[in-house]
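Just so you know, these numbers use all the heavy atoms, side chains as well, and skip hydrogens, waters and symmetry mates. Residue numbers run from 1 in the order of the sequence given.
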Amino acid sequence: MDTNVKLREAVETIDNLITPSLLLDRGGLERNIQRLAEHARKLGVVLRPHMKTAKSIDVARHVFPGEPGPITVSTIAEAEYFAGHGFRDITYAVGMSPASAVRAMELCRSTGADVKLLLDSMEQADALAGVREATGVTPSVFIELDCDDHRGGLKPDDPKLLEVANRIVEAGANLVGVLAHAGESYGLSTADALVKAAEDERSATVRAAETLRAHGHACPIVSLGSTPTAHFAENLEGVTELRAGVYMFFDLVQHGVGVCGLDDIAISVLATVIGSKPEKGWVLVDAGWMALSRDRGTANQQIDQGYGVVCDEKGRVLEDVIVAQASQEHGILAIRAGSGKSMPDLPLGARVRILPNHACAMAAQHHFYSVVNGDSPRIEARWERIRGW
């Protein structure tokens, strides 16, 4: 019998769930997916969603309701998992090591998938010859670009760009293009700044591609994207594909950046009230950092959301109630500093939903999603998610 059918028979509402438990709002997920898909179509680029947040074939099937499409992954385990479900066009968007490259090419050989690698150094490029010899598969490779001093990658005008490109070809690999990620956009908070970041990302990436083409490299793929810049890009001339991942769920960091509203956040952790400290203004729940993650990504934003924003069991935000502190299995709910609000009545056994600072990190703490729709307590399905590397 289908596991979702078994679930519907055994657990019908969130009241039956053991807490803490990860909830996914199907309606919110579908709206978020549609929003970026329409934006990519408007801009005339291919959308290559990053599956690092969802790590679930059921979510992927909502992104691609027909045939599997192009995806991005952050681990070889994800590549293996999605290839096992029929996905063939996969970009592994983490700088390759020789071992990860061999594993990726073995996956290509066994499944027929096209797993594209990422590198930014001559040492990595030189390693491709050994990868090709060990596996019998010719690697397809992106050069990673650093468009905003955020992390790895070469600057578009770095002389090493051409040197690395030449070494890739000398190693017998295919240079398929350039790839950038505007990570500094996560520190922005105005529409004008995000539009500028998107244009800076575009111009830097296109400039690097033009340099490579001027020196005989075809560079057919120009790939860029972060969730903030993907949504605020107004012009993607010269770009072929757009990447983003957390947009499927959104989170409080994206809310703080200005990409989404609280109502757009599609995942939460269901928790149960297990006690209180009235003299301190605390309510204790059974969700600590093991359920919510230690990510405090909003701490440097204009509004610090603690370890998460607290909603009632229907998903309605409890104004100014946050998870102020967290230990391994305990969360302490409190009114945020400076607020004039009072703690709502949350008796022993009451259920709350906690919105994530970082959807990827919260989801990574759990093995599956309990799928709901809006404020309905009914559980529609249980969607497994993968973990590990």
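- In plain terms, the two heavy atoms of Asp320 and Ser339 that are nearest each other are OD2-OG, 2.7 Å.
- Stacking of Arg296 on the aromatic ring of Tyr307 is recorded, both the 6.0 Å distance cut-off and the 45° axial limit being met.
- A side-chain donor-acceptor contact under 3.5 Å links Ser74 and Glu78.
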Checklist entry - Between His330 and Trp282, does a ring-ring contact (aromatic ring centres under 6.0 Å, His included) hold up when you go through it step by step? => result CA-CA 12 Å; His330 292 78; Trp282 292 354; over 10 Å; no

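- Asp264 places no side-chain N or O within donor-acceptor distance of the main-chain N or O of Cys260, the cut-off being under 3.5 Å.
- Using a 3.5 Å distance cut-off with no hydrogens or angles, the side chains of Glu241 and Ser223 do pair a donor with an acceptor.
- Checked for salt-bridge contact, Arg336 and Asp304 miss the test: no charged N lies under 4.0 Å from a carboxylate O.
- The aromatic rings of His39 and His231 lie parallel to each other, their planes meeting at an angle below 30°, with 60° marking the opposite boundary.
- Among all heavy-atom pairs drawn from Thr205 and Ala180, the shortest one is OG1-CB, 3.4 Å.
- For Arg167 and Glu163, the salt-bridge test fails: no basic side-chain N is under 4.0 Å from an acidic carboxylate O.
- Residues Met362 and Leu355 approach most closely at CE-C, 4.0 Å, considering heavy atoms.
- Side-chain atoms of His181 and Asp148 form no donor-acceptor pair, as typed in the model, at a separation below 3.5 Å.
- Checked by atom type, the side-chain pair Asn373/Ser376 shows no donor-acceptor distance below 3.5 Å.
- Here the shortest heavy-atom pairing between Ser56 and Tyr369 reads CB-CE1, 3.9 Å.
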